[in-house]
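Only one structure is covered here, and it is reproduced in the block below.
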Amino acid sequence: MRIFNFSAGPAVLPTKVLEQVRDELLDWQGTGMSVMEVSHRGKDFTSVIETAEADLRTLMGIPSNYKVLFLQGGATQQFAQIPMNLLDGRSADYIVTGSWSKKAYKEAQRFGAVRLAGSSEADSFTRVPSADELKLDPQAAYLHICTNETIHGVEMFDLPTAPAGVPLVADMSSHILSRPMDVPRYGLIYAGAQKNIGPAGLVIVIVREDLLGKASAITPSVMDYATMAENGSMLNTPPTFGIYLAGLIFKDLLAQGGLEAVEQTNIAKAQLVYDAIASSGGFYRNPVQEAFRSRMNVPFTLANPALDAAFLAEAAERQLSGLKGHKSVGGMRASIYNAMSLDGVRALVDLMQDFAARKA
C-alpha cells in the first residue's frame with residue numbers, strides 16, 4: 001500500500017511513473033538490460049537525455065540561448081560551483097530569506113567577495129525583504145536568491161529587480177516545475193531533483209550562454225559549466241537513472257497540461273492546508289506572512305507543543321508520513337509537491353480538523 005508521503009525530500013514521486021520504472025527495470029525497451037546498465041554514450045541513452053532536455057525546454061519555455069545541464073552533486077554543491085563559475089574576480093550579491101540561501105551565502109564567501117544585499121533573518125525568515133530594504137551593487141557579477149525556502153516555507157512570487165546587466169541566479173530546488181517561470185528573467189537557474197524532478201543525486205542547471213567561460217582557473221573540469229555544456233553533460237558518466245526518471249516525470253507533467261495546469265492544482269492543494277490552519281482558532285499556526293507563503297512547503301506549529309508527538313503518532317496510524325518539521329524550526333511541515341495528490345492533502349486536513357476538535 002502506498003502511503004501519503006509529505007517528506008521535504010527525497011520526496012513523493014508519481015505512482016504511475018514508478019510503476020513504469022518497475023515494469024522496465026529488468027528489460028528497458030527490449031534491450032534485455034536495465035536503463036542503469038546501458039552505456040551512457042550509446043544511441044539509446046543519448047535519446048533519453050536529448051528527449052528529457054527537449055521536454056524540459058517545452059515545460060519551462062527555455063530559450064535556445066540557454067544551456068540545460070544534467071549534473072551530479074545536488075543543489076548544495078552548486079553553492080560552491082556558482083561562484084567558481086560566475087564570480088570572475090568580482091563581487092556578488094546574496095539575498096538571504098531562509099536556511100538554504102543563508103548556506104549558499106556562507107559557502108560563496110570561500111571563493112571571493114560576496115555581499116549580503118538583504119535579509120529577513122531578523123524576522124525569523126517569515127517574509128521576503130522589500131525592494132527598499134535591498135542594497136544592490138550595480139557592478140555585481142550576479143544576484144543570488146532562493147525562490148522557495150524549503151525549511152521556512154517562504155516563496156517568492158515577485159522577483160527582486162537586479163541592476164541592469166546583473167544576472168539573477170536562483171535556487172529553485174523545492175518549487176521548480178510547480179508553476180510557470182519566466183526563464184529569460186534569470187541568468188542561471190538550478191535545482192536539486194529530489195522534490196519535483198526525480199531521485200536525489202541529480203541537479204539541473206539552466207544557464208544563459210553568455211555566462212559560460214568565466215570559471216576560475218582552480219575550477220575542476222567536471223565543475224566547469226562551459227566544459228560540461230560542450231560535452232552534453234557527459235564529460236563523465238552522468239546520473240543515468242536519475243535522468244531517465246526525470247524524463248518520465250517531464251512527460252507526465254506535459255500530459256497533465258503543462259505547468260499552467262499543474263499550478264492550478266498546486267494552488268488548490270495549498271489553499272486546503274492554509275484554510276485548515278486559519279480555521280483552527282489558533283490551534284495551528286503558520287508563521288509566514290501571507291503574501292510569502294509557499295505552495296510547496298507548509299510549516300505549522302500546534303498551540304501546545306506537548307501534543308506534537310501525539311499528532312505525529314495519529315498521522316502514522318492514518319498512513320501520513322514525513323510531517324515532522326525541520327529541527328531548526330520545530331512543529332510540523334507538510335511538503336505538498338506536484339506528486340502529492342489532492343486525496344493526500346484532504347487526508348491531512350481531515351486529521352488536522354479531527355485532532356483539533358478532540359485536543360483543543
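Scope of the values below: all heavy atoms of this structure, side chains included, with no hydrogens, waters or symmetry mates. These numbers come from a predicted model, not from an experiment.
Between Asn297 and Ser335, the side chains place a donor N or O and an acceptor N or O closer than 3.5 Å (distance only, hydrogens not considered). His175 and Thr147 are linked by a side-chain donor-acceptor pair at a separation below 3.5 angstrom, with hydrogens and angles left out of the test. For the residue pair Glu24 and Gln20, a side-chain donor N or O sits within less than 3.5 Å of a side-chain acceptor on the partner. For the 3.5 Å distance criterion, the side chains of Asn5 and Ser321 fail to qualify, holding no donor opposite an acceptor. A donor-acceptor pair shorter than 3.5 Å cannot be found between the side chains of Gln139 and Ser91. No side-chain donor-acceptor contact under 3.5 Å links Tyr274 and Tyr284.
Between the Arg41 side chain and the Met234 main chain, a donor and an acceptor come within less than 3.5 Å of each other. A side-chain donor-acceptor contact under 3.5 Å links Asn286 to the backbone of Val288. Distance alone, capped at 3.5 Å, is enough to place a donor-acceptor pair between the Asn196 side chain and the Asn338 backbone. With hydrogens and angles ignored, the 3.5 Å screen pairs a side-chain donor or acceptor of Ser7 with a backbone N or O of Pro10. For Ser233 (side chain) and Phe70 (main-chain N/O), a donor-acceptor pair under 3.5 Å exists by modelled atom type. Listed for the Asp354 side chain is no donor-acceptor partner under 3.5 Å among the backbone atoms of Asp350. In terms of modelled atom types and a separation under 3.5 Å, the side chain of Asp44 and the main chain of Thr31 share no donor-acceptor contact. No donor-acceptor pair under 3.5 Å is formed between the side chain of Glu107 and the backbone N or O of Ala80. Judged purely by atom type and a 3.5 angstrom limit, Glu37 uses its side chain to pair as donor or acceptor with the backbone of Ser34. With hydrogens and angles ignored, the 3.5 Å screen pairs no side-chain donor or acceptor of His152 with any backbone N or O of Val154.
The salt bridge (Lys or Arg N to Asp or Glu O under 4.0 Å) pairs that include a residue from residues 5-18 are Lys16-Asp252, where partners are two or more places apart or lie in different chains. Among residues at least two apart or in separate chains, there is no salt bridge (Lys or Arg N to Asp or Glu O under 4.0 Å) pair with a member in residues 223-248. For residues 281-303, the salt bridge (Lys or Arg N to Asp or Glu O under 4.0 Å) pairs, not counting sequence neighbours, are Glu263-Arg295. For residues 184-205, no pair satisfies salt bridge (Lys or Arg N to Asp or Glu O under 4.0 Å), with sequence neighbours left out.
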Practice task
Decide yes or no on side chain to side chain contact (heavy atoms under 4.5 Å, CB included) for Thr126 and Asp123, but give the supporting numbers first.
Solution key: CA-CA 6 Å; Thr126 57; Asp123 293 314; 3.8 Å; yes
Exercise for the section: Check the pair Asn266 / Ser178 against side-chain hydrogen bond (donor to acceptor under 3.5 Å, both in side chains), numbers first and verdict last. Expected result: CA-CA 7 Å; Asn266 286 329; Ser178 69; 4.8 Å; no
Problem - Trace of the side chain to side chain contact (heavy atoms under 4.5 Å, CB included) decision for Val298 with Ile277 - result: CA-CA 10 Å; Val298 185; Ile277 294 170; 3.9 Å; yes
Practice task
Show your reasoning for whether side chain to side chain contact (heavy atoms under 4.5 Å, CB included) applies to Ile82 and Phe111.
Solution key: CA-CA 10 Å; Ile82 286 165; Phe111 299 94; over 6 Å; no
Handout entry: Worked check of side chain to side chain contact (heavy atoms under 4.5 Å, CB included) between Arg2 and Val12
Key = CA-CA 10 Å; Arg2 293 277 289 169; Val12 59; 4.2 Å; yes
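Put simply, CZ on Phe125 and OG on Ser99 are 6.5 Å apart, with the number rounded to the nearest 0.5 Å. From Gln194, atom CD reaches atom OG1 of Thr150 across 8.5 Å, with rounding to the nearest 0.5 Å. To the nearest 0.5 angstrom, Asp210 atom CG is 4.0 Å from Arg208 atom CZ. Note that CG of Leu323 and CE of Met352 are 9.0 Å apart. Values are rounded to the nearest 0.5 Å. A distance of 9.0 Å separates OH in Tyr94 from CZ in Phe79, rounded to the nearest 0.5 Å. Atoms CD and NE2, on Gln78 and His144 in that order, are 9.5 Å from each other to the nearest 0.5 Å.
The pair Glu133-Arg127 counts as a salt bridge, with a side-chain nitrogen and a carboxylate oxygen less than 4.0 angstrom apart. Note on Arg358 versus Glu314: salt bridge recorded, some NZ/NE/NH1/NH2 to OD/OE distance being below 4.0 Å. Under the 4.0 Å criterion applied to side-chain N and carboxylate O atoms, Glu149 and Lys102 are not assigned as salt-bridge partners. Look at Lys103 and Asp171 and you find no salt bridge, because none of the NZ, NE, NH1 or NH2 atoms lies under 4.0 Å from a carboxylate O.
Of all non-hydrogen atoms in Cys146 and Trp100, the two that sit nearest each other are SG-CB, 4.4 Å. In terms of heavy-atom proximity, Ser101 sits nearest to Ile95 at CB-O, 3.6 Å. Residue Lys251 comes nearest to Thr51 through the heavy atom pair NZ-CG2, 3.6 Å, listed as atom of the first residue, atom of the second, then distance. When all heavy atoms are compared, the tightest approach of Val166 to Pro138 is CG2-O, 3.6 Å. Taking each heavy atom of Tyr66 and Gly187 in turn, the nearest pair found is CE2-O, 4.0 Å. Of all heavy-atom pairs spanning Ala229 and Leu212, the tightest one is CB-CD1, 4.2 Å.
Here the two rings, on Phe283 and Phe311, have centers that are 6.0 Å apart or farther.
Applying the side chain to side chain contact (heavy atoms under 4.5 Å, CB included) criterion to Gln271, with sequence neighbours excluded, gives Asp275. Looking at residues two or more places apart in sequence or on another chain, you find a salt bridge (charged side-chain N to carboxylate O under 4.0 Å, His left out) between Asp343 and Arg346.
In the hydrophobic cluster analysis, where Ile, Leu, Val, Met, Phe, Trp and Tyr join through side-chain heavy atoms closer than 4.5 angstrom, Met156 is grouped apart from Tyr190. Tyr337 and Val17 are assigned to two separate hydrophobic clusters, defined by single-linkage of ILVMFWY side chains at heavy-atom distances under 4.5 Å. Taken together through direct or relayed side-chain contacts under 4.5 Å among Ile, Leu, Val, Met, Phe, Trp and Tyr, Ile176 and Leu69 form parts of separate hydrophobic clusters. Under the 4.5 Å side-chain contact rule for hydrophobic residues, Leu245 and Met33 share a cluster. No chain of hydrophobic side-chain contacts below 4.5 Å, direct or via other Ile, Leu, Val, Met, Phe, Trp or Tyr residues, connects Leu18 to Phe4.
The residue from Leu253, Leu56, Leu177, Ile249 that alone fulfils the side-chain contact (heavy atoms from CB on, under 4.5 Å) condition with Ile197 is Leu177.
Residues Gln72 and Val222 have side chains not in contact (no heavy-atom distance under 4.5 Å, counting atoms from C-beta outward). Within the 4.5 Å cutoff, the side chain of Met340 has heavy atoms near those of the Phe6 side chain. Val205 has its side chain out of reach of Lys67: every pair of non-hydrogen atoms, C-beta onward, lies at least 4.5 Å apart.
Other residues, nucleotides and ligands place no more than 12 heavy atoms under 6.0 Å from the CG atom of Asp158. Remark: Arg110 CZ is loosely packed, at most 12 non-hydrogen atoms of other residues, nucleotides or ligands lying under 6.0 Å away.
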